[in-house]
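As structure tokens, the structure follows; a few thoughts come after it.
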There are 2 protein chains.
Amino acid sequence: MTLKSGVLDPQGKAVRHALGALGVDGVGDVRQGKFIEIDLAESDPERARESVEDMCKRLLANTVIEDYVIEIGG
Amino acid sequence: MTLKSGVLDPQGKAVRHALGALGVDGVGDVRQGKFIEIDLAESDPERARESVEDMCKRLLANTVIEDYVIEIGG
């Protein structure tokens, strides 16, 4: 999950500022996001994706200000 | 960045609990982590990786309790 591109990201800004203070050069935009790793009993990837999509909409993501990407795997 | 596997993850536990309360079945372990997306001026992938490795050790990750993975790309 990341904040939508028009939404201010103070954590990202703080990281960028702190890197500057440490003398790290060449740092442009910094965005901070989060991810959630879920072990699912579902073995069908398509159904697993639908299930996670549902979780994102109902609970995990704040779709007003956040975008999310779902990855199903290993 | 994720919490190392032995470290308690209360956010992940809370998500798992909330999914159960919503009636979602088949959810096993849940771990929450964060990621930081950094635009770098460096065009050499090897040097970019070294630079990010350095940022992780000096600032971004708490290596006592967190593991981190670096991805360089597009």
Side-chain angles (χ1 to χ4, degrees), chain A residues 1-5 7-62 66-74, chain B residues 1-5 7-62 66-74:
Chain A
M1 269 151 272
T2 46
L3 289 166
K4 291 189 192 236
S5 60
V7 179
L8 283 179
D9 176 3
Q11 284 185 304
K13 259 210 160 67
V15 168
R16 183 178 179 176
H17 186 79
L19 288 171
L22 284 175
V24 181
D25 292 326
V27 175
D29 200 27
V30 178
R31 306 282 288 174
Q32 180 159 335
K34 62 185 169 178
F35 66 88
I36 299 173
E37 219 175 65
I38 302 174
D39 284 343
L40 284 178
E42 181 60 63
S43 59
D44 177 58
E46 207 38 62
R47 279 214 298 263
R49 179 173 296 275
E50 276 166 32
S51 160
V52 174
E53 184 85 41
D54 182 57
M55 293 179 206
C56 283
K57 286 188 180 142
R58 288 169 71 200
L59 176 73
L60 304 178
N62 177 347
E66 290 173 334
D67 287 325
Y68 61 87
V69 172
I70 297 172
E71 286 174 22
I72 306 286
Chain B
M1 268 151 271
T2 46
L3 289 166
K4 292 189 192 235
S5 60
V7 178
L8 284 179
D9 176 4
Q11 284 185 303
K13 258 209 163 69
V15 168
R16 183 179 179 175
H17 187 79
L19 287 172
L22 284 175
V24 181
D25 291 327
V27 175
D29 200 28
V30 178
R31 306 281 290 173
Q32 181 160 335
K34 62 186 168 177
F35 67 87
I36 299 172
E37 219 175 67
I38 302 173
D39 284 342
L40 284 179
E42 181 61 64
S43 59
D44 177 59
E46 207 38 62
R47 279 213 299 262
R49 178 173 297 275
E50 275 167 33
S51 161
V52 175
E53 183 85 44
D54 182 56
M55 293 179 205
C56 284
K57 286 189 179 141
R58 288 169 72 199
L59 176 73
L60 304 178
N62 177 347
E66 290 173 334
D67 288 325
Y68 61 88
V69 171
I70 298 171
E71 287 174 21
I72 305 287

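Just so it is clear: chains get the letters A, B, ... in the order the sequence lines come, proteins before strands, and each one is counted from 1. The structure displayed is predicted, hence computed values, not measured ones.
- Within the model, atoms NZ of A:K34 and CD of B:Q11 stand 7.5 Å from one another, a figure rounded to the nearest 0.5 Å.
- The greatest number of non-hydrogen atom pairs below 4.5 Å with chain B, out of A:D25, A:V24, A:L19, is found for A:L19.
- Heavy-atom neighbours of B:K13 NZ from other residues, nucleotides or ligands within 6.0 Å: at or below the threshold of 12.
- The contact list for residues 47-55 of chain A toward chain B, using heavy atoms and a distance under 4.5 Å, reads A:M55 by residue number.
- Closest approach of B:V15 to A:L59, counting heavy atoms only: O-CD2, 4.2 Å.
- A side-chain donor-acceptor contact under 3.5 Å links B:R58 to the backbone of A:L22.
- For the options A:T2, A:I36, A:V27, A:D29, heavy-atom pairs under 4.5 Å to chain B are most numerous at A:D29.
- Listed options A:A41, A:G12, A:G33 were ranked by heavy-atom pairs under 4.5 angstrom with chain B; first place goes to A:G33.
- Note that CZ of B:R31 is 10.5 Å distant from CG of A:D39, once rounded to the nearest 0.5 Å.
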